[in-house]
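To keep things clear, I will list the structure first and then write my remarks on it.
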Amino acid sequence: MSSSSKSLKIGIVGFGTFGQFLANTMIKQGHTLTATSRTDYSQLCDQMGIHFFRDITAFLDADMDVILLCTSISSLSEVVGSMPLACLKRPTLFVDVLSVKEHPKNLLLKVLPEESDILCTHPMFGPVSGKNGWQNLTFMFDKVRIKDEVTCSKFLQIFASEGCKMVEMSCEEHDKAAAKSQFITHTIGRYAASYLSFTNQRQTSN
Ligand SMILES: NC(=O)c1ccc[n+]([C@@H]2O[C@H](COP(=O)([O-])OP(=O)(O)OC[C@H]3O[C@@H](n4cnc5c(N)ncnc54)[C@H](OP(=O)(O)O)[C@@H]3O)[C@@H](O)[C@H]2O)c1
């Protein structure tokens with residue numbers, strides 16, 4: 001294990017847009033990355049200096065400090081459910097980045113071995129808002145089940161050291177706040193649409 005240095009061995013599950021986006025910064029910081037995904041990203045990973053595994057068993061066998069789940073919300077339960085978790089060589093920190101939080105928390109608590117740590121996170125930025133760096137962008141996290149504080153804090157440091165606003169809150173609080181803001185956005189959108197339609201009608205009738 002790489003606990004004596006700052007660098008971590010991180011395995012990314014789901015190497016799509018967001019997985020690649022996070023990988024770029026993690027590589028820049030000196031972490032060692034591996035990846036696995038439904039699609040074959042071997043070529044891209046070769047160029048990025050990442051070991052890509054087509055086979056999930058070989059991926060889990062690679063002995064990582066952190067397994068970072070970057071799959072879509074709808075595929076998470078299928079993806080995690082199909083992992084042969086008995087192949088894990090030692091207690092590992094599982095981190096998810098889904099933009100909803102209660103679903104991954106409940107799923108990971110249900111399916112992961114008791115000795116695995118769980119950190120639920122929502123980096124509230126992406127390839128567009130974070131294209132010029134992560135300074136002042138919000139990173140939400142919930143230490144759902146952490147026994148190895150050293151590995152967890154090294155992982156959080158990836159985002160803190162880029163200047164992210166680190167916000168610790170429960171998954172439940174996160175989802176409540178997200179639902180409220182979606183409600184406000186939706187309501188403002190509806191008012192704006194009816195106002196526009198009202199002014200259009202007035203202009204037509206004048
Ligand atoms: N994009 C953002 O700005 C952003 C910000 C914060 C959090 N997130 C979170 O990051 C995660 C990934 O987001 P994304 O932007 O990369 O796009 P996405 O469409 O939400 O997810 C794409 C990823 O999911 C995998 N995937 C989709 N369906 C699958 C299935 N049936 N079986 C196995 N794998 C499947 C894809 O694998 P393949 O590529 O191998 O097909 C790809 O790695 C999401 O959970 C999202 O909530 C995204």
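All ligand and atom numbering here is 1-based and tracks the order in the structure.
- Nearest protein neighbour of atom 33 (C) of ligand 1, counting heavy atoms only, is Val79 CG2, 3.5 Å.
- For ligand 1, the atoms closer than 4.0 angstrom to any heavy atom of Ser99 are 47 (O).
- What sits closest to atom 3 (O) of ligand 1 on the protein, heavy atoms only, is Gly126 CA, 3.4 Å.
- Between Asp142 and Leu119, every side-chain heavy-atom pair lies at or beyond the 4.5 Å cut-off.
- In summary, the atoms of ligand 1 found under 4.0 Å from a heavy atom of Phe15, numbered by their order in the structure, are 43 (O).
- Tested against Asp65, the residues Lys89, Lys6, Lys154, Arg90 include a single salt bridge (charged side-chain N to carboxylate O under 4.0 Å, His left out) partner, Arg90.
- Val97 places none of its side-chain heavy atoms less than 4.5 Å from the side chain of His122.
- Closest to atom 40 (O) of ligand 1 among all protein heavy atoms lies Ser37 OG, 2.6 Å.
- The nearest heavy-atom contact from the protein to atom 7 (C) of ligand 1 is Val97 O, 3.1 Å.
- Ligand 1 lies nowhere less than 4.0 angstrom from a heavy atom belonging to Phe21.
- Near Pro127, meaning under 4.0 Å from one of its heavy atoms, ligand 1 places the atoms 3 (O).
- Nearest protein heavy-atom contact of atom 12 (C) of ligand 1 is Cys70 O, 3.2 Å.
- A donor atom on one side chain and an acceptor atom on the other are not found under 3.5 Å apart for Gln157 and Gln29.
- Of all protein heavy atoms, the one closest to atom 24 (O) of ligand 1 is Ser72 N, 2.9 Å.
- The nearest heavy-atom contact from the protein to atom 31 (N) of ligand 1 is Arg38 NH1, 3.4 Å.
- Protein heavy atom in closest approach to atom 48 (C) of ligand 1: Phe18 CG, 3.5 Å.
- Residue Ser75 approaches ligand 1 through these ligand atoms, each under 4.0 Å from one of its heavy atoms: 26 (N), 27 (C), 28 (N), 29 (C), 30 (C), 31 (N), 32 (N), 34 (N), 35 (C).
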